[in-house]
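Contents: one structure, followed by commentary.
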Amino acid sequence: MAPKVLVVLTSHDQLGDTGRKTGWYLSEFAHPYHEFQAAGIEVTVASPLGGAAPLDPSSIDAAKDDSVSVAFLEGSKDLWASTTKLSTLLETDAASQFDAIFYPGGHGPVFDLPVDAASQALISQFASQGKVVAAVCHGPAVFANVTLPSGEHLVKGKAVTGFSNAEEEQIGLSKAVPFLVEDKLVEAGATYSKADELWGAKVVVDGKLITGQNPASAKGVGEAIVKAISA
(Lines give C-alpha, C1' and ligand atoms only; values in the text may rest on other atoms or scores of the structure.)
Protein backbone atom coordinates (compact mmCIF):
# COMPACT_ATOMS: atom_id res chain seq x y z
CA MET A 1 0.00 0.00 0.00
CA ALA A 2 1.13 3.52 -0.76
CA PRO A 3 2.16 5.68 2.20
CA LYS A 4 -0.42 8.27 3.24
CA VAL A 5 -0.10 11.82 4.56
CA LEU A 6 -2.87 13.82 6.19
CA VAL A 7 -2.47 17.52 5.34
CA VAL A 8 -4.34 19.95 7.59
CA LEU A 9 -5.19 23.43 6.32
CA THR A 10 -6.64 26.41 8.16
CA SER A 11 -10.26 27.49 7.82
CA HIS A 12 -9.48 31.05 8.95
CA ASP A 13 -9.43 33.82 6.35
CA GLN A 14 -9.19 37.13 8.26
CA LEU A 15 -5.82 38.63 9.22
CA GLY A 16 -6.67 39.99 12.65
CA ASP A 17 -8.16 43.48 12.47
CA THR A 18 -6.13 44.53 9.42
CA GLY A 19 -9.04 44.09 7.02
CA ARG A 20 -6.86 41.81 4.91
CA LYS A 21 -7.60 38.26 3.82
CA THR A 22 -5.37 35.40 4.86
CA GLY A 23 -5.42 31.59 4.88
CA TRP A 24 -2.84 28.92 4.10
CA TYR A 25 0.30 29.74 2.12
CA LEU A 26 0.55 28.42 -1.42
CA SER A 27 4.22 27.43 -1.69
CA GLU A 28 4.18 25.78 1.73
CA PHE A 29 1.68 23.21 0.50
CA ALA A 30 2.80 23.10 -3.15
CA HIS A 31 6.42 22.12 -2.58
CA PRO A 32 5.82 19.37 -0.02
CA TYR A 33 3.00 18.04 -2.21
CA HIS A 34 5.42 17.92 -5.15
CA GLU A 35 7.75 15.78 -3.02
CA PHE A 36 4.87 13.55 -1.92
CA GLN A 37 3.78 12.96 -5.51
CA ALA A 38 7.31 12.09 -6.60
CA ALA A 39 7.49 9.51 -3.80
CA GLY A 40 4.09 7.98 -4.58
CA ILE A 41 2.52 9.19 -1.34
CA GLU A 42 -1.26 9.57 -1.16
CA VAL A 43 -2.60 12.82 0.31
CA THR A 44 -5.84 13.55 2.17
CA VAL A 45 -6.64 17.16 3.05
CA ALA A 46 -8.65 18.27 6.09
CA SER A 47 -9.54 21.53 7.84
CA PRO A 48 -11.44 22.53 10.99
CA LEU A 49 -14.63 23.46 9.14
CA GLY A 50 -14.28 21.16 6.16
CA GLY A 51 -15.20 22.29 2.65
CA ALA A 52 -13.12 24.98 0.95
CA ALA A 53 -9.98 26.01 2.84
CA PRO A 54 -8.98 29.65 2.21
CA LEU A 55 -5.80 30.27 0.25
CA ASP A 56 -3.91 33.41 1.27
CA PRO A 57 -4.15 35.71 -1.79
CA SER A 58 -0.78 37.30 -1.05
CA SER A 59 0.88 33.90 -1.38
CA ILE A 60 -0.37 33.59 -4.96
CA ASP A 61 1.39 36.78 -5.98
CA ALA A 62 4.52 35.82 -4.03
CA ALA A 63 4.75 32.54 -6.00
CA LYS A 64 4.10 33.93 -9.50
CA ASP A 65 7.65 33.02 -10.58
CA ASP A 66 7.68 29.66 -8.79
CA SER A 67 6.86 26.98 -11.36
CA VAL A 68 6.02 24.32 -8.76
CA SER A 69 3.52 26.58 -6.99
CA VAL A 70 2.00 27.85 -10.24
CA ALA A 71 1.46 24.29 -11.49
CA PHE A 72 -0.03 23.30 -8.14
CA LEU A 73 -2.39 26.28 -8.15
CA GLU A 74 -3.56 25.55 -11.68
CA GLY A 75 -3.85 21.78 -11.42
CA SER A 76 -4.65 20.80 -7.84
CA LYS A 77 -7.50 23.05 -6.66
CA ASP A 78 -9.67 20.05 -5.83
CA LEU A 79 -7.35 19.36 -2.89
CA TRP A 80 -8.42 22.47 -0.99
CA ALA A 81 -11.84 23.10 -2.55
CA SER A 82 -13.49 20.26 -0.64
CA THR A 83 -11.56 19.28 2.49
CA THR A 84 -12.60 16.75 5.12
CA LYS A 85 -13.81 18.14 8.45
CA LEU A 86 -11.18 17.45 11.09
CA SER A 87 -13.60 16.23 13.75
CA THR A 88 -14.82 13.41 11.52
CA LEU A 89 -11.30 12.00 11.40
CA LEU A 90 -11.28 11.53 15.15
CA GLU A 91 -14.13 9.05 14.76
CA THR A 92 -12.02 6.80 12.53
CA ASP A 93 -8.70 6.57 14.44
CA ALA A 94 -7.00 8.54 11.67
CA ALA A 95 -3.54 8.13 13.14
CA SER A 96 -3.62 4.43 12.36
CA GLN A 97 -4.52 5.12 8.73
CA PHE A 98 -1.80 7.65 7.90
CA ASP A 99 1.97 7.74 8.11
CA ALA A 100 2.25 11.47 8.81
CA ILE A 101 0.28 14.61 9.60
CA PHE A 102 1.49 17.87 8.05
CA TYR A 103 0.51 21.50 8.59
CA PRO A 104 1.40 24.10 5.94
CA GLY A 105 1.73 27.66 7.19
CA GLY A 106 0.21 31.00 6.31
CA HIS A 107 -1.16 33.37 8.94
CA GLY A 108 -4.52 31.60 9.07
CA PRO A 109 -3.26 28.61 11.10
CA VAL A 110 -2.18 30.88 13.96
CA PHE A 111 -5.79 31.88 14.59
CA ASP A 112 -7.81 28.66 14.45
CA LEU A 113 -5.66 25.55 14.65
CA PRO A 114 -3.88 26.12 18.01
CA VAL A 115 -7.28 26.25 19.73
CA ASP A 116 -9.00 23.55 17.67
CA ALA A 117 -9.66 20.55 19.90
CA ALA A 118 -9.80 18.08 17.01
CA SER A 119 -6.45 19.28 15.69
CA GLN A 120 -4.84 18.99 19.11
CA ALA A 121 -6.23 15.49 19.59
CA LEU A 122 -5.07 14.31 16.17
CA ILE A 123 -1.54 15.61 16.66
CA SER A 124 -1.36 13.90 20.03
CA GLN A 125 -2.61 10.64 18.52
CA PHE A 126 -0.11 10.73 15.67
CA ALA A 127 2.79 11.46 18.02
CA SER A 128 1.69 8.79 20.49
CA GLN A 129 1.55 6.19 17.71
CA GLY A 130 5.04 7.08 16.51
CA LYS A 131 3.86 8.73 13.32
CA VAL A 132 5.52 11.71 11.65
CA VAL A 133 4.26 15.10 12.86
CA ALA A 134 5.34 18.05 10.71
CA ALA A 135 4.70 21.74 10.08
CA VAL A 136 6.28 24.67 8.27
CA CYS A 137 6.50 28.45 8.83
CA HIS A 138 3.44 29.52 10.87
CA GLY A 139 2.35 25.87 10.87
CA PRO A 140 4.28 25.01 14.07
CA ALA A 141 1.86 27.34 15.87
CA VAL A 142 -0.51 24.36 15.88
CA PHE A 143 1.70 22.69 18.48
CA ALA A 144 1.13 25.54 20.96
CA ASN A 145 -1.42 23.69 23.10
CA VAL A 146 -0.80 20.03 22.26
CA THR A 147 -0.10 17.67 25.12
CA LEU A 148 0.67 13.96 25.04
CA PRO A 149 -1.27 11.34 27.03
CA SER A 150 1.46 11.65 29.67
CA GLY A 151 0.44 15.26 30.19
CA GLU A 152 3.74 16.57 28.85
CA HIS A 153 3.75 19.16 26.11
CA LEU A 154 4.46 17.77 22.64
CA VAL A 155 7.45 20.04 21.99
CA LYS A 156 8.93 20.14 25.50
CA GLY A 157 12.64 19.43 25.19
CA LYS A 158 12.35 19.06 21.41
CA ALA A 159 14.43 20.85 18.80
CA VAL A 160 12.15 22.90 16.56
CA THR A 161 11.96 25.90 14.26
CA GLY A 162 9.15 28.03 12.87
CA PHE A 163 8.47 31.54 11.62
CA SER A 164 10.82 33.82 13.53
CA ASN A 165 9.96 36.94 15.51
CA ALA A 166 12.32 38.92 13.28
CA GLU A 167 10.59 37.74 10.11
CA GLU A 168 7.16 38.61 11.50
CA GLU A 169 8.47 42.02 12.50
CA GLN A 170 9.97 42.64 9.07
CA ILE A 171 6.63 42.11 7.33
CA GLY A 172 4.90 44.32 9.87
CA LEU A 173 2.45 41.78 11.25
CA SER A 174 3.69 41.22 14.80
CA LYS A 175 0.65 43.04 16.19
CA ALA A 176 -1.84 41.38 13.82
CA VAL A 177 -1.41 37.83 15.14
CA PRO A 178 -2.56 36.46 18.52
CA PHE A 179 0.99 35.34 19.35
CA LEU A 180 4.43 35.00 17.78
CA VAL A 181 5.31 31.47 16.73
CA GLU A 182 8.89 31.60 17.99
CA ASP A 183 7.82 32.89 21.40
CA LYS A 184 5.05 30.32 21.77
CA LEU A 185 7.34 27.39 20.96
CA VAL A 186 9.90 28.58 23.49
CA GLU A 187 7.17 29.04 26.11
CA ALA A 188 6.13 25.43 25.54
CA GLY A 189 9.62 24.25 26.41
CA ALA A 190 11.04 23.67 22.93
CA THR A 191 14.61 24.39 21.91
CA TYR A 192 14.10 26.85 19.07
CA SER A 193 16.64 27.63 16.35
CA LYS A 194 16.53 29.62 13.11
CA ALA A 195 18.56 30.25 9.98
CA ASP A 196 21.52 32.59 10.21
CA GLU A 197 19.84 35.05 7.84
CA LEU A 198 16.24 36.22 7.59
CA TRP A 199 14.23 34.11 5.13
CA GLY A 200 16.97 31.49 4.91
CA ALA A 201 15.90 27.85 4.63
CA LYS A 202 15.91 25.95 7.92
CA VAL A 203 14.53 22.46 8.62
CA VAL A 204 14.81 20.81 12.02
CA VAL A 205 14.22 17.09 12.54
CA ASP A 206 13.92 15.72 16.07
CA GLY A 207 12.87 12.10 15.82
CA LYS A 208 9.48 12.05 14.11
CA LEU A 209 8.91 15.79 14.71
CA ILE A 210 9.75 17.87 11.63
CA THR A 211 9.57 21.66 11.45
CA GLY A 212 10.53 24.29 8.86
CA GLN A 213 11.09 27.99 9.45
CA ASN A 214 9.57 29.81 6.48
CA PRO A 215 8.47 29.50 2.83
CA ALA A 216 12.02 28.75 1.71
CA SER A 217 11.98 25.71 4.00
CA ALA A 218 8.89 24.07 2.48
CA LYS A 219 10.68 21.85 -0.04
CA GLY A 220 13.10 20.66 2.64
CA VAL A 221 10.24 19.82 4.98
CA GLY A 222 8.60 17.78 2.23
CA GLU A 223 11.84 15.92 1.62
CA ALA A 224 12.27 15.27 5.36
CA ILE A 225 8.74 13.90 5.65
CA VAL A 226 9.34 11.54 2.73
CA LYS A 227 12.64 10.38 4.26
CA ALA A 228 11.06 9.83 7.69
CA ILE A 229 8.18 7.83 6.24
CA SER A 230 10.56 5.70 4.20
CA ALA A 231 12.95 5.01 7.09
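Basis for what follows: all heavy atoms, side chains included, without hydrogens, waters or symmetry-related copies.
In this structure, the side chain of N145 engages the main chain of P114 through a donor-acceptor pair within 3.5 Å. Panel note: side chain T92, backbone L89; a donor-acceptor pair is recorded below 3.5 Å. At distances below 3.5 Å, at least one donor-acceptor pair connects side-chain atoms of S59 with backbone N or O atoms of D56. Although no hydrogens or angles enter the test, the distance criterion places a donor-acceptor pair under 3.5 Å between the side chain of T211 and the main chain of T161.
Pairs passing the salt bridge (Lys or Arg N to Asp or Glu O under 4.0 Å) check and including a residue from residues 18-40, sequence neighbours excluded, read D13-K21, E35-K219.
D66 and S69 form a side-chain donor-acceptor contact under 3.5 Å, judged by distance and modelled atom types alone. Looking only at atom types and distance, the side chain of E169 has a donor-acceptor partner in the side chain of S174 under 3.5 Å away. In this model, a donor atom of one side chain and an acceptor atom of the other lie less than 3.5 Å apart for N214 and S217.
Evaluated for a side-chain contact (heavy atoms from CB on, under 4.5 Å) with Y103, the options I123, V7, L9 yield exactly one hit, I123.
Atoms NE2 and OG, on H153 and S124 in that order, are 10.5 Å from each other to the nearest 0.5 Å.
Taking the six-membered ring where the residue is Trp, H107 and H138 present tilted rings, their angle falling between 30° and 60°. Using the six-membered ring where Trp is involved, F72 and Y33 have ring planes that are tilted, between 30° and 60° apart. Between F29 and W24, the two ring planes are perpendicular [angle over 60°; tilted spans 30° to 60°].
Residues meeting the side-chain contact (heavy atoms from CB on, under 4.5 Å) test with S230, sequence neighbours left out: V226. Applying the ring-ring contact (aromatic ring centres under 6.0 Å, His included) rule to H31 yields no partners; only residues at least two apart in sequence or on another chain are considered. A search for side-chain contact (heavy atoms from CB on, under 4.5 Å) contacts involving P3 returns I41, D99, I229, not counting sequence neighbours. Residues satisfying the side-chain contact (heavy atoms from CB on, under 4.5 Å) test with D112, not counting sequence neighbours, are T10, S11, H12, P48. Every residue meeting the side-chain contact (heavy atoms from CB on, under 4.5 Å) condition with S150, not counting sequence neighbours, appears here in chain and number order: L148, E152.
By the neighbour-count criterion of 12 heavy atoms within 6.0 Å, atom CG of D93 is densely surrounded, having more than that number from other residues, nucleotides or ligands.
You'll find the side chain of F98 stays beyond 4.5 Å of the side chain of K131, heavy atoms only.
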